[in-house]
Structures are given as structure tokens and as C-alpha cells.
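Indexing begins at 1, ligand by ligand and atom by atom, following the structure's order.
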Amino acid sequence: MQIFLKGQDAGYEAEHTARIFYPAATRADTFPPEGDVTVALASAHALMALVRVGGKVYWKTKPALPGQNREYTLCSLLYRLLCRVTGQRPPWGMMTGVRPVRIVHDLRAAGQSEEEIRQRFCGHFDCTPARYARAVEIADLQRPVLAAAKPMDYSLYAGIPFCPTLCSYCSFVSRTVGDKASRALVQPYVDHLCQELISIKEVAQTCGLNLKTLYIGGGTPTSLTAPQLRQLMGCLADTFTLSALQEYTVEAGRPDCTDAEKLQVLKEYGATRISINPQTFSDTVLKNIGRRHTAEDIRRCYREARAAGHQNINMDLIAGLPGDTVAGFARSLQEAIALEPENITVHTLTLKRASNLVVEHRESAYDDVAAMLAECEALAKAGYRPYYLYRQKGTLQNLENIGWSKPGFEGLYNIYIMEEVHTILSAGAGGSTKLVQPGVRHARIERIFNYKYPTEYLNGFQTVLERKKGVQEFYARYQHPETAGKL
Ligand code: SF4
């Protein structure tokens with residue numbers, strides 16, 4: 001499928017409306033004379049949606065009227081045509097944003113009634129009542145967390161962009177540590193990361209920021225050796241006041257590089273929450289996605305984590321992996337529930353450009369994903385509550401990722417980053433610092449990016465440190481306007 005857009009109001013939103021139905025479609029610069037194509041056209045007098053698929057052509061038009069929200073009207077025209085042509089009824093309707101829960105928070109803050117919010121979801125966007133109810137349920141649960149947030153709080157992210165092997169669906173900036181050249185990068189990387197973390201502490205202190213949560217993610221942080229983990233976590237313990245933290249998460253994602261010793265190091269150096277991510281408990285599906293471990297390795301890792309004293313464990317599952325079925329996904333879910341982790345996060349497979357799966361599977365293979373997500377009601381029955389939700393571009397039917405937790409074990413970092421409650425300072429390759437204007441609803445957000453890949457990060461490290469000035473400039477602008485631009 002290709003997407004062809006023409007006219008000022010046929011832009012980003014129209015493209016993403018088409019991608020709800022055809023997530024792996026490519027953009028065409030000119031109208032393709034043959035093949036499958038979805039078209040949105042906005043001229044001065046008319047709006048038109050057209051789909052040519054399997055040699056048949058379908059279209060809808062509307063006159064362009066004065067005072068009309070032309071972009072919305074065109075997207076709505078396209079959405080309804082695509083529902084008819086594909087026979088699909090996307091659960092989130094034509095809502096394309098990544099943060100549906102944020103809409104509930106924002107509309108409430110703007111003084112809208114619950115009925116007006118329901119209308120916005122179920123009328124304007126055509127969300128199903130179930131998805132609207134889920135967004136409201138999560139917003140309710142998050143309310144006290146958001147209310148307790150302070151303007152000068154921040155969270156810290158440290159990225160480890162290494163993994164034992166590359167999963168076939170991976171769209172992260174991750175480098176395998178399978179070969180000698182890659183392994184040789186890891187130690188200098190850890191040394192530089194520690195330096196960057198120390199510089200972040202200095203900047204945060206200068207700005208008067210208070211650290212609330214710490215997250216070591218990746219990649220796979222446990223692809224570091226045990227001594228390297230000690231070095232990194234020791235640096236964090238020496239640099240920051242860990243006793244003041246609300247939460248300290250480390251992703252111990254994959255059992256093929258996580259052993260009892262490393263799990264012990266995480267505990268010893270203060271991690272309060274870890275993530276062991278099966279993605280699936282099917283050995284066949286694990287093989288399909290390029291993982292070189294079995295479901296039994298995941299169970300072993302989980303037992304070792306409990307033996308090391310970890311009392312807050314998250315497990316990630318993915319709906320829509322190649323070769324999985326609705327029944328298979330339900331079995332994985334039941335296996336995860338039976339282990340009784342405090343958190344279970346269910347992701348929908350995303351077809352991103354970086355992933356090999358885009359090439360191999362295009363948009364055809366994932367018709368069962370919505371049915372897989374429906375199985376998640378088993379989590380509610382087992383006492384888990386949904387506490388954060390987000391969507392990513394390129395998921396089939398624009399479906400969601402939801403973090404579920406036992407009461408009192410909600411992952412705060414996840415809420416903070418998703419609802420843009422406070423600044424996230426990021427260290428490491430691929431790190432993206434997100435600066436949130438303090439104390440303001442609909443805060444201004446600015447970003448500072450680190451280099452994407454480990455080699456670039458190491459080679460450009462002085463620039464990485466230099467860019468930290470941007471954090472001070474940002475806070476100076478909002479706290480001391482008189483010094484802005486003079487740092
Ligand atoms: S573990 Fe995660 S980051 Fe690493 S290759 Fe797999 S999907 Fe990518």
C-alpha cells in the first residue's frame with residue numbers, strides 16, 4: 001500500500017489516519033498510476049478520500065466549507081472510507097496521538113465534564129466505549145501521582161545500547177556484543193557514561209533540581225559484565241543520594257545475559273525495581289524473533305531475581321510477534337501471571353522502519369493483535385490494574401501498550417515520562433533529555449539529544465558534555481530570565 005497526499009490540509013494527520021489501517025505503507029510523492037494506494041486530497045473547494053486496492057477504487061468527497069475544520073473533516077472522510085473498505089473498526093477510532101490518557105487529564109483541567117470527555121473520545125474520535133473507559137480508569141489512577149509531582153523534580157535515565165543479539169523486531173539503537181569489536185567498545189562506553197552522569201549531577205545541582213526516579217535502560221543493561229555493572233551502579237551510588245529516590249529501575253531484560261551474580265549486584269547497589277522481559281513464553285516464537293534463549297531460561301532468571309531479594313519485578317510481553325497466535329499469547333499471559341511479578345507490561349508489536357519485520361511481514365500478519373489484547377482482561381481478574389498507557393506510531397490498528405501493576409507497585413518513571421510531568425535528564429548513546437518547563441500546565445518542552453550510536457558518542461563526548469549547558473540555559477530562562485543566554 002502507498003499513501004499519496006495533496007493539498008495543505010492533507011498532511012501529517014491524514015497520513016497517520018491511513019497508517020491506522022496500513023501501518024507499513026510507504027509515501028508516494030506523485031500519484032502512482034497502478035498498485036494499491038490511499039489518497040487524501042484537499043483543494044480550495046473539495047475534500048476527497050480515495051482508496052485503490054486489489055484493482056478496485058472507492059472514494060468519498062465533501063465540499064470544503066467556510067469555518068470548517070478541514071484537516072479533521074478530511075481525516076474523518078478518509079477514516080470512514082478505510083473502515084468500509086477494510087472491514088476494520090479500530091478500537092481507538094481515528095485518534096492518532098500517542099497519549100490518550102493525557103487527553104483525559106487535559107480536558108478535565110480545562111473544566112470539561114465527564115460527558116463532554118466521553119463525547120470527545122467516542123464521538124469526535126470514534127473510540128470504542130471500552131477504550132474510552134480504559135483511558136479514564138488510568139487517568140483516575142494517575143491523578144494522585146500527578147498531584148504530588150513538584151516543579152523542580154527530575155528523573156534520570158542512563159542508556160546501555162548493547163544487547164547479546166539483535167531481536168528481529170528491534171527498532172532501538174542497540175548494538176550486539178557478539179563480536180570482538182563491539183565488545184571492545186563496552187568498557188570505554190561505561191567509563192564515559194560515568195563521566196556524563198557526574199556532569200549531569202553538577203548541572204542538576206546548579207539548577208536546583210531534585211532527583212526522584214532513576215532508570216537504567218537499553219538495550220540490555222545486564223549485557224554489561226558484573227564488574228562493569230558494579231562500576232556504573234557504584235558511580236551512581238557515589239554521585240546521587242539514592243536514599244531520596246522514589247524508584248530505581250534497572251532493565252535486566254534478557255535471561256541470555258542475566259545471571260545470579262548480576263542480579264545480586266543490582267540488589268546490592270540499590271535497584272528497587274527490575275524488569276525481566278520474556279516477550280513470549282513460546283520457545284518457537286522466541287526463536288522467530290532471534291532470541292537465543294528458552295522460556296525455561298526466563299523462569300530460571302525470575303527465580304534467581306527473587307532469590308537475590310528483588311521484590312518489585314516487571315515482565316514485558318508483546319502481542320503480535322511473528323508466529324504467535326491468540327491462544328499462544330493467552331498462554332504467555334497466564335504463565336506471566338502465574339509467576340506473580342508485581343508489574344506486567346503488554347506491548348503491541350510496532351512495525352518500525354528499523355525493524356527487519358517490516359520487510360519480512362509488511363502489514364498482513366497481525367490481524368489477531370486486537371484479540372490478543374482482549375486477553376489482557378485476565379490481568380484485571382488476577383488483581384493487576386492498568387496504570388500507564390501509550391501508543392507508538394506504526395502499531396497495527398494503532399493499538400496500545402499498557403503497564404499493569406499490583407496496587408502500590410505502579411512504575412512511577414513510566415508515568416512521569418509518559419505524562420511529561422517533569423524533566424528527564426538522559427545519559428548515554430541515544431539519550432534524549434526532555435526538559436519540561438517547571439510548574440506550568442501544557443508546559444513548554446525542549447529536547448537535547450546525545451549521539452545515537454556508541455562510537456559517535458565516544459568520539460563526540462566533549463560535545464555531549466558541552467550540550468549540558470542547554471539544561472542550565474533552559475532553567476535560567478524560566479527561573480531567572482535576567483541571566484538567560486549568558487551561560
Ligand atoms: S532486547 Fe530490546 S533493545 Fe535488545 S535487541 Fe531485543 S528489542 Fe532490541
Side-chain angles (χ1 to χ4, degrees), residues 157-179 182-183 185-186 189-190 193 215-225 228-229 249-259 262-263 266 274-295 297-298 301-302 305 313-324 332 336 343-361 366 390 392-395 401 403 411 414 417 426-432 450 452-454 457:
Y157 179 88
I160 306 295
F162 301 105
C163 287
T165 58
L166 198 65
C167 303
S168 59
Y169 60 85
C170 184
S171 58
F172 296 104
V173 179
S174 185
R175 185 163 172 157
T176 62
V177 285
D179 62 274
S182 300
R183 270 200 302 278
L185 281 178
V186 180
Y189 181 84
V190 174
L193 181 60
Y215 196 106
I216 306 181
T220 306
T222 44
S223 60
L224 301 184
T225 62
Q228 285 164 343
L229 273 176
T249 300
V250 184
E251 288 182 1
R254 294 175 45 157
D256 47 353
C257 63
T258 308
D259 58 20
K262 293 181 190 177
L263 288 162
L266 305 191
I274 64 166
S275 199
I276 298 170
N277 301 329
Q279 316 304 13
T280 171
F281 280 91
S282 158
D283 286 341
T284 311
V285 179
L286 282 170
K287 209 166 154 206
N288 290 350
I289 61 172
R291 290 282 183 102
R292 292 193 200 141
H293 64 79
T294 63
D297 293 327
I298 297 160
C301 188
Y302 184 84
I313 301 180
N314 172 66
M315 294 194 123
D316 278 3
L317 294 175
I318 300 180
L321 289 173
D324 208 357
S332 291
N343 285 232
I344 296 178
T345 308
V346 181
H347 297 267
T348 303
L349 185 69
T350 302
L351 302 179
K352 287 211 180 151
R353 280 193 184 80
S355 158
N356 299 337
L357 284 180
V358 171
V359 178
E360 290 165 15
H361 294 266
Y366 303 100
Y390 69 100
Q392 284 163 293
K393 302 283 179 218
T395 50
N401 305 314
N414 293 331
I417 193 165
S426 292
S432 155
N450 279 4
K452 222 171 168 186
Y453 298 99
Y457 173 78

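Counting the atoms of ligand 1 from 1 in the order shown, those under 4.0 Å from a heavy atom of Gly219 are 3 (S). Within ligand 1, counting atoms from 1 as listed, the ones closer than 4.0 Å to a heavy atom of Thr220 are 1 (S), 4 (Fe). Contact atoms of ligand 1 toward Cys170: 3 (S), 5 (S), 7 (S), 8 (Fe) (distance under 4.0 Å to a heavy atom of the residue). Applying the 4.0 Å criterion to heavy atoms of Tyr169 picks out, from ligand 1, the atoms 7 (S).
If you look at Cys167 next to ligand 1, the close heavy atoms, those under 4.0 Å, come from the backbone and the side chain alike.
Note that CG of Leu224 and OG1 of Thr258 are 10.5 Å apart. Values are rounded to the nearest 0.5 Å.
Of the possible polar contacts, one joining the Asn288 side chain to the Pro322 backbone as a donor-acceptor pair under 3.5 Å is found.
Judged as a side chain to side chain donor-acceptor pair (under 3.5 Å), and not counting sequence neighbours, Tyr157 has no contacts. For Tyr189, the ring-ring contact (aromatic ring centres under 6.0 Å, His included) partners are Phe162, Tyr457, not counting sequence neighbours.
Ligand 1 has no atom lying under 4.0 Å from any heavy atom of Gly218. Contact annotation: Thr165 has at least one heavy atom less than 4.0 Å from an atom of ligand 1.
Counting only N and O atoms by type, the side chains of Glu251 and Asn277 include no donor and acceptor under 3.5 Å apart. Counted by atom type alone, Ser223 and Arg254 present zero donor-acceptor pairs between their side chains at under 3.5 Å.
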